[in-house]
Protein chains: 2
Amino acid sequence: MAKHDPNLNLKFAALSDETRRAVVSRLARGPASVSELASAHAMALPSFMGHLSKLEAAGLIETTKKGRVRYCRLSADGIAPVTHWLAEQQALWTSRMDQFDAYVAKIVKERTDET
Amino acid sequence: MAKHDPNLNLKFAALSDETRRAVVSRLARGPASVSELASAHAMALPSFMGHLSKLEAAGLIETTKKGRVRYCRLSADGIAPVTHWLAEQQALWTSRMDQFDAYVAKIVKERTDET
DNA sequence: TAGATAGTTAGGCAAATGGCTAAGCATGAT
DNA sequence: ATCATGCTTAGCCATTTGCCTAACTATCTA
């Protein structure tokens, strides 16, 4: 993955709203139709549809139309780049703490050998 | 953690920009001064400072002033709520896949017993 | 065919965002 | 005291965001 993946912008931005995160959580439990998803949110349908559009543009969900009903489901691996990026930072951070721990252990040993 | 944590909005929003993610990655390797951080980004200093403000408001970094230099470092556990929320969704999704796997295994067994 | 349901499109509004320049303040160096 | 460095504040601009209502289209039901 490129160091600066513009899609990461979209994914984090898509998740920066509690309504959209609620949709992701709901879909983590299984697919649902737009009406079903919308019924849990007190907002106008076009506004809610706007949220779904952002999630889809970010690659986090997929939608399909069957007759007059649009079904939504999480995209397989849609969230993976987000999780990967966070794991990278965690690894960098942990590596630093490991170095710090090693440094402290070294200092302690030096003090112990002095006595 | 509340189901809808407004701070999660701020954290995801703070990470929805590649400049701010670059800052987080840099700080994962150790603290740095504002000038040091800014030197890696082609933008006016006040604009860059705006990014640091958003990261700080989101609780992802902490800054301290020593003389005329402002130092930045990652907040311990600042990113934890983001990681936790993602882990929750992963668990929900995985739980669904487990149910699906169990269902498939049951179907396969039924077909096998028929022969 | 008419009515109901599910979603889509268009336009609007206030607030937020991400950048800029200019000017200024605080601190350190000479 | 003056100059340099590091940051801070203020105001501006274009774009995006998150919501709204109104009107419309597509599909299903009776």
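Basis for what follows: all heavy atoms, side chains included, without hydrogens, waters or symmetry-related copies. Each chain gets a letter, A, B and so on, in the order the sequences are listed, and its residues count up from 1.
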Counting side-chain heavy atoms from C-beta on, which of [options] comes nearest to [X]?
| X | options | result |
| --- | --- | --- |
| His51(A) | dC19(D), dT17(C), dT21(D) | dC19(D) |
| Arg20(B) | dC19(D), dT8(D), dG18(C) | dG18(C) |
| Met49(B) | dG6(D), dT8(D), dT8(C) | dT8(D) |
| Lys65(B) | dC20(D), dT8(D), dG18(C) | dT8(D) |
| Pro46(A) | dG18(D), dG18(C), dT9(C) | dT9(C) |
| Arg68(B) | dT27(D), dG6(D), dT8(C) | dG6(D) |

Between [N] ([atom2]) and [X] ([atom1]): distance, integer Å:
| X | N | atom1 | atom2 | answer |
| --- | --- | --- | --- | --- |
| Met43(A) | dT21(D) | CE | C1' | 15 Å |
| Phe12(A) | dT17(C) | CZ | C1' | 18 Å |
| Asn9(A) | dG18(C) | CG | C1' | 12 Å |
| Lys54(A) | dG18(D) | NZ | C1' | 9 Å |
| Leu45(A) | dC19(D) | CG | C1' | 13 Å |
| Glu18(B) | dG18(C) | CD | P | 11 Å |
| Arg70(A) | dT5(C) | CZ | C1' | 16 Å |
| His41(A) | dC19(D) | NE2 | P | 11 Å |

Check: [X] side chain, [Y] main-chain N or O, donor-acceptor pair, under 3.5 Å:
| X | Y | result |
| --- | --- | --- |
| Lys54(A) | Lys11(A) | no |
| Ser53(A) | Met49(A) | yes |
| Glu56(B) | Thr63(B) | yes |
| Arg73(A) | Glu62(A) | no |
| Arg21(B) | Leu15(B) | yes |

Are OP1 or OP2 of dC20(C) and a side-chain N or O of Ser47(B) less than 4.0 angstrom apart?
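Checking Ser47(B) against dC20(C): at least one side-chain N or O falls below 4.0 Å of OP1 or OP2.
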
Reading DNA chain D from 5' onward, which residue's closest nucleotide shows up sooner: Ala13(A) or Lys66(A)?
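Residue closer to the 5' terminus by nearest nucleotide: Ala13(A).
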
Please figure out whether Val69(A) or Phe48(A) has its closest DNA chain D nucleotide nearer the 5' end.
Phe48(A)

